[in-house]
Amino acid sequence: MYGILVAHDVGKTVVQLPSGEMKWLNPKCRATIGVVAGSGRTEKPFVKAGKKFYRMKVRARKWPRSRGVAMNVVDHPFGGGGRQHPGRPKTVARGTPPGRKVGSIAARRTGKR
């Protein structure tokens with residue numbers, strides 16, 4: 001797909017786009033018409049954990065990320081218990097001290113709509 005240069009006057013240049021639309025451009029400007037290469041590259045699944053690990057390493061993110069309910073009680077406010085559940089409301093107030101600020105912080109509403 002490409003654009004066709006239709007007219008090239010003193011004050012304007014006319015380019016016909018692949019859709020058939022005529023576009024008036026300044027003759028001094030530079031235009032690149034087309035599709036960006038490599039689109040859809042990120043839509044491929046990671047398939048294995050190693051690929052995801054190196055991707056996160058590049059972005060300087062902590063990975064893998066453990067759930068709070070899977071931790072011990074000393075490690076997270078949602079930790080501990082006989083089974084994996086938060087054990088207290090997940091919503092916390094805005095004035096809650098740091099260390100307890102996990103889950104939905106200062107949520108206006110929770111639950112199903």
Side-chain angles (χ1 to χ4, degrees):
M1 302 208 19
Y2 48 86
I4 302 164
L5 189 66
V6 177
H8 205 52
D9 298 331
V10 178
K12 58 197 165 211
T13 300
V14 184
V15 177
Q16 186 180 11
L17 298 178
S19 62
E21 182 189 353
M22 296 288 193
K23 205 77 163 166
W24 299 81
L25 302 169
N26 186 334
K28 292 182 179 178
C29 79
R30 199 182 275 191
T32 306
I33 299 168
V35 180
V36 178
S39 65
R41 183 181 62 87
T42 57
E43 292 170 19
K44 190 171 79 171
F46 281 106
V47 180
K48 55 185 195 170
K51 291 273 188 189
K52 183 80 170 179
F53 173 80
Y54 290 116
R55 169 69 180 263
M56 291 305 190
K57 192 176 169 75
V58 162
R59 306 208 178 291
R61 295 210 182 111
K62 186 176 176 289
W63 192 86
R65 187 171 171 170
S66 297
R67 294 167 298 135
V69 292
M71 297 180 190
N72 290 324
V73 76
V74 295
D75 299 321
H76 197 274
F78 293 169
R83 60 189 200 282
Q84 289 186 4
H85 64 106
R88 53 169 79 205
K90 284 182 72 177
T91 54
V92 291
R94 194 176 296 281
T96 304
R100 176 64 191 106
K101 273 198 172 173
V102 293
S104 305
I105 300 167
R108 288 193 176 87
R109 64 174 312 286
T110 59
K112 214 171 173 183
R113 284 183 191 232

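Nothing fancy with the numbering, it's 1 onward along the sequence.
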Quick check: do V58 and M56 have side-chain heavy atoms less than 4.5 Å from each other? no
Does the side chain of R100 reach to within under 4.5 Å of the side chain of R88, using non-hydrogen atoms? yes
Flag side-chain contact, heavy atom, 4.5 Å: K90 against T110: no
Could you tell me the separation between the NZ atom of K23 and the NZ atom of K12, rounded to the nearest 0.5 Å? 15.5 Å
Is there a donor-acceptor contact under 3.5 Å from the side chain of N72 to the main chain of V74? no
If you compare all heavy atoms of P86 against all heavy atoms of V69, which two are closest, and at what distance to 0.1 Å? N-CG1, 3.7 Å
Going from NZ on K48 to CZ on F53, what distance comes out if it is rounded to the nearest 0.5 angstrom? 13.0 Å
With a cut-off of 6.0 Å (strictly less than), are more than 12 heavy atoms of other residues, nucleotides or ligands near CZ of R109? yes
Show me the pairs that pass salt bridge (charged side-chain N to carboxylate O under 4.0 Å, His left out) and involve residues 61-74, at least two apart or across chains. none
Evaluate the criterion side-chain contact (heavy atoms from CB on, under 4.5 Å) for residue pair W63 and K57; output intermediate values, then yes/no. CA-CA 8 Å; W63 192 86; K57 192 176 169 75; over 6 Å; no
If you compare all heavy atoms of A107 against all heavy atoms of T91, which two are closest, and at what distance to 0.1 Å? CB-CG2, 4.1 Å
Report yes or no: do V6 and W24 belong to one cluster of Ile/Leu/Val/Met/Phe/Trp/Tyr joined by side chain heavy-atom distances under 4.5 Å? yes
Should we count CZ of F46 as having more than 12 external heavy atoms under 6.0 Å? yes
CD1 of I4 to CG of L17, rounded to nearest 0.5 Å, is 9.5 Å
For G99 and P77, the nearest pair of non-hydrogen atoms, with its separation, is O-CG, 3.2 Å
What heavy-atom pair brings L5 and V15 nearest, and what distance separates the two atoms? CD1-CG2, 4.0 Å
